[in-house]
Amino acid sequence: MKQLITTFFLLFMCSTVVGQIQFEAYRGGQLQFNTYPEMMSGKTELKQVSVALRFYGNTSIEKWMVTVKLDQDYLSNGYAVPAEQSALTFNSQSINSGNTGVISPPSSAIPLSRFQETPLIISDDVPITNGFNRDFYFNFRVHGGNHLLTLPNHIYQANFIFTLYEMEDNVPRYVATCTAPISFQLNYEFNHGTQLVSVESAADSYQFIFRNPADLVSGKSITRQAALKVRSYQGHELLFKASKEFMQSSESEHILPVSVVNAHLSLHSMSGGSGTPQILTPLPLKAYDQVAARFPGWSNEIVYNLTLSVTPNQSELIDARGHYETLVYFVIIPW
């Protein structure tokens, strides 16, 4: 089934005029995440935001700076993506009139924050004089990773705050501020409708307690019945991974690889569709995607039992002391 997506690109403008300075910001199209690889690797929207600066008058600003921050994290219906998971990169500048000197762009990505302003444009040798008219274009990037995996499809929104300063003996003097909206959309296909992968509340925590050497010799295993539920309109693979490669002790610098824990699925029940899923576990936990199970067609619901275990006599556990912790993510992708 083909999906028709129509996207409307809206242009927003805000304008602040202080004396003879016109300071404006514009935003363009909306960044959209549609696939699992995009959510993991991140995505960039070119020329997502532009900053325009115009001046007409007899005075001048010899040295100046523009900073940027966000007014909040990216929010949607009680869910949040931290501001620090985004950045701006320089795209280009348009010299429309006035001084033709090129202002050196930032050489690396500008991390965004809701707590502090970050310099975005710094000019030490191109003054703002009569007829100054420039536009600076920036790409907007949202970093990919596990922080996007547990969020529902929706539009996540915040606002840019751009501030213009005159620099006097390296001391910033406020001149003007402008705000512009910024948003991105999660539109992952397996989050549509009733499709989901969920861990039941009674199975969302596994705790292994080793009290003596005999426990290390015998190992530990915990099974939760009907722990994992999958609903899908199409053939899919069920992936899993740990949130990090190593777990650190709560009492020391000692670390354990997450691979000391094994994961195993078994079929609890299934409704709709034909056949049974192919189960590819047991597998040790890793910080990268592994296929736990796959099913080639439609199913109303597949429910799995989930067993996590620490196998006997693992040398990595000999010096372990304290509490070790990691998260485990489950994701469904097309197959």
Side-chain angles (χ1 to χ4, degrees), residues 2-16 22-54 66-77 79-96 103 105-114 117-118 120-121 133-145 147-149 151-164 177-192 334:
K2 293 185 177 180
Q3 186 178 38
L4 178 63
I5 298 177
T6 302
T7 303
F8 293 93
F9 292 92
L10 302 178
L11 183 66
F12 294 84
M13 182 189 79
C14 65
S15 176
T16 301
Q22 188 176 10
F23 187 45
E24 302 172 336
Y26 305 82
R27 64 158 282 186
Q30 181 170 270
L31 185 64
Q32 182 169 286
F33 291 85
N34 298 305
T35 68
Y36 178 65
E38 286 177 350
M39 290 197 297
M40 291 309 301
S41 62
K43 199 170 182 180
T44 299
E45 181 77 12
L46 300 180
K47 292 188 176 182
Q48 170 73 17
V49 64
S50 63
V51 176
L53 185 54
R54 312 191 191 332
V66 174
T67 65
V68 63
K69 65 172 291 191
L70 293 182
D71 66 337
Q72 61 181 27
D73 293 327
Y74 302 97
L75 303 179
S76 175
N77 295 331
Y79 294 91
V81 175
E84 291 72 22
Q85 295 293 347
S86 61
L88 293 178
T89 57
F90 177 78
N91 183 285
S92 59
Q93 62 181 292
S94 174
I95 304 173
N96 304 313
I103 297 171
S107 58
S108 58
I110 304 299
L112 295 172
S113 170
R114 66 185 178 93
E117 298 176 34
T118 304
L120 184 65
I121 306 167
N133 185 345
R134 297 199 182 202
D135 296 281
F136 301 86
Y137 300 93
F138 294 89
N139 308 323
F140 173 62
R141 178 169 181 79
V142 175
H143 304 310
H147 57 279
L148 297 180
L149 294 184
L151 299 173
N153 284 352
H154 213 271
I155 295 174
Y156 293 79
Q157 304 178 80
N159 289 284
F160 287 122
I161 301 174
F162 298 102
T163 305
L164 172 64
T177 293
C178 183
T179 64
I182 181 64
S183 63
F184 64 91
Q185 183 176 9
L186 295 184
N187 189 40
Y188 183 47
E189 60 182 314
F190 277 99
N191 280 345
H192 286 298

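What's counted below: heavy atoms across the whole structure, side chains too, no hydrogens, waters or symmetry copies.
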Taking it one step at a time, do Gln22 and Glu24 satisfy side chain to side chain donor-acceptor pair (under 3.5 Å)? CA-CA 6 Å; Gln22 188 176 10; Glu24 302 172 336; 2.3 Å; yes
I would like to know whether Leu151 and Tyr74 meet side chain to side chain contact (heavy atoms under 4.5 Å, CB included); could you show each step before the answer? CA-CA 12 Å; Leu151 299 173; Tyr74 302 97; over 6 Å; no
Using the rule given for side chain to side chain contact (heavy atoms under 4.5 Å, CB included), can you reason through Leu112 versus Leu88, listing the C-alpha separation, both sets of side-chain angles and the distance that settles it, and then say yes or no? CA-CA 7 Å; Leu112 295 172; Leu88 293 178; 4.2 Å; yes
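Without hydrogens or angle criteria, Gln48 side chain to Gly29 main chain gives a donor-acceptor distance under 3.5 Å. Between the Asn139 side chain and the Lys47 main chain, a donor and an acceptor come within less than 3.5 Å of each other. When atom types are taken as modelled, the side chain of Asn133 and the backbone of Arg54 share no donor-acceptor pair closer than 3.5 angstrom. At least one donor-acceptor pair closer than 3.5 Å links the side chain of Gln93 to the backbone N or O of Ile103.
Within the model, atoms CZ of Phe140 and OG1 of Thr89 stand 10.5 Å from one another, a figure rounded to the nearest 0.5 Å. Taking CE of Met39 as the reference point, atom CZ of Phe33 lies at 9.0 Å (rounded to 0.5 Å). A distance of 6.0 Å separates OG of Ser50 from CG of Asp135, quoted to the nearest 0.5 Å. The CG atom of Leu46 lies 10.0 Å from the CG atom of Leu31; values are rounded to the nearest 0.5 Å. Rounded to the nearest 0.5 Å, atoms CG (Asp71) and CZ (Arg114) are 10.0 Å apart. Distance check: Leu120 CG to Lys69 NZ gives 14.5 Å after rounding to the nearest 0.5 Å.
Contacts of Pro111 classified as side chain to side chain contact (heavy atoms under 4.5 Å, CB included), with partners at least two apart in sequence or in another chain: none.
Shortest non-hydrogen contact noted between Asn159 and Pro181 is OD1-CA, 3.3 Å. Between Ile182 and Phe160, the closest heavy-atom pair is CB-CE1, 3.5 Å. Between His143 and Glu84, the closest heavy-atom pair is CD2-O, 3.9 Å. Between Leu53 and Phe23, the closest heavy-atom pair is CD1-CD1, 4.0 Å. Glu38 approaches Gln32 most closely through the heavy-atom pair OE1-O, 3.9 Å. Considering every non-hydrogen atom in both Ala83 and Leu70, the closest pair reads CB-CD1, 3.5 Å.
You'll find the side chain of Val142 stays beyond 4.5 Å of the side chain of Tyr156, heavy atoms only. By the 4.5 Å heavy-atom criterion applied to side chains, Tyr36 and Pro334 are not counted as neighbours. Here the side chains of Leu149 and Met40 are in contact, with some heavy-atom distance below 4.5 Å. By the 4.5 Å heavy-atom criterion applied to side chains, Leu186 and Asn153 are counted as neighbours. Counting only heavy atoms from C-beta outward, the side chains of Val81 and Leu148 approach each other to under 4.5 Å. Side-chain contact between Phe138 and Ile121: present, with at least one pair of heavy atoms (C-beta onward) separated by less than 4.5 Å.
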